[in-house]
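What follows is a single structure, written as structure tokens, with notes after it.
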Amino acid sequence: MRLKTIVGKEVLDEKGSIMGKVTDVDIDTASNCVNSFIITPKSGNSITKTFSRKNEIIVPFEMIKSIGDKIILKKAITEAESIVEELEMITY
């Protein structure tokens, strides 16, 4: 799958709540692996307050369940916050 096909895809949590759309992809150039997707949140969505930094949501690749017409997360957004916090503690 090419990166240009990822940008613009809608991202949903496991319960089907729309998070937003992928606007960028963070790649580790040394290993050529995807680190995370950068998502512009859907306006008026409560997740904006929880996850966004400068109107972006950073979703670690480990949180992705599937990529097809839409990107589906492994957990509902309410459960995903703790996963993000754990991953940030590991990587920083």
Between NZ of K21 and CD1 of I57, what distance do you get to the nearest 0.5 Å?
13.5 Å

Rounding to 0.5 Å, atoms CD1 (I39) and CD (E56) come to a distance of 10.5 Å

Here the gap from F37 atom CZ to L3 atom CG, rounded to the nearest 0.5 Å, amounts to 8.0 Å

Stepwise side-chain contact (heavy atoms from CB on, under 4.5 Å) test for V25 and V34
CA-CA 7 Å; V25 180; V34 174; 3.8 Å; yes

Keeping the roles fixed (side chain from D13, backbone from S17), state whether a donor-acceptor pair exists under 3.5 Å.
yes

Sub-4.5 Å side-chain heavy-atom contact between T23 and V7:
no

Could you check whether any side-chain N or O of K9 sits under 3.5 Å from a backbone N or O of G68, counting only pairs where one atom can act as donor and the other as acceptor?
yes

Min side-chain heavy-atom separation I64-I71 under 4.5 Å
yes

Who pairs with K70 by salt bridge (Lys or Arg N to Asp or Glu O under 4.0 Å), at least two apart in sequence or on another chain?
E10

Please identify each residue that fulfils side-chain hydrogen bond (donor to acceptor under 3.5 Å, both in side chains) with D24, with sequence neighbours left out.
none

Nearest 0.5 angstrom please: E62 CD to N35 CG, how far?
8.0 Å

Which heavy atom in E14 sits nearest to a heavy atom in K74, and how many Å separate them?
OE2-O, 3.1 Å

Please give me the minimum heavy-atom distance between G16 and L12, naming the atom from each residue.
O-CD2, 3.9 Å

Tell me, do S36 and V59 make a side-chain contact under 4.5 Å, heavy atoms counted?
no

Start with the C-alpha distance between I6 and I67, add both sets of side-chain angles, then the distance that settles side-chain contact (heavy atoms from CB on, under 4.5 Å), and finish with yes or no.
CA-CA 8 Å; I6 299 292; I67 302 173; 3.7 Å; yes

Taking the side chain as C-beta and beyond, is there a heavy-atom pair between V11 and I18 under 4.5 Å?
no

Between M63 and L73, is a side-chain contact (heavy atoms from CB on, under 4.5 Å) present by the stated rule, with each step listed?
CA-CA 6 Å; M63 287 181 57; L73 299 183; 4.2 Å; yes

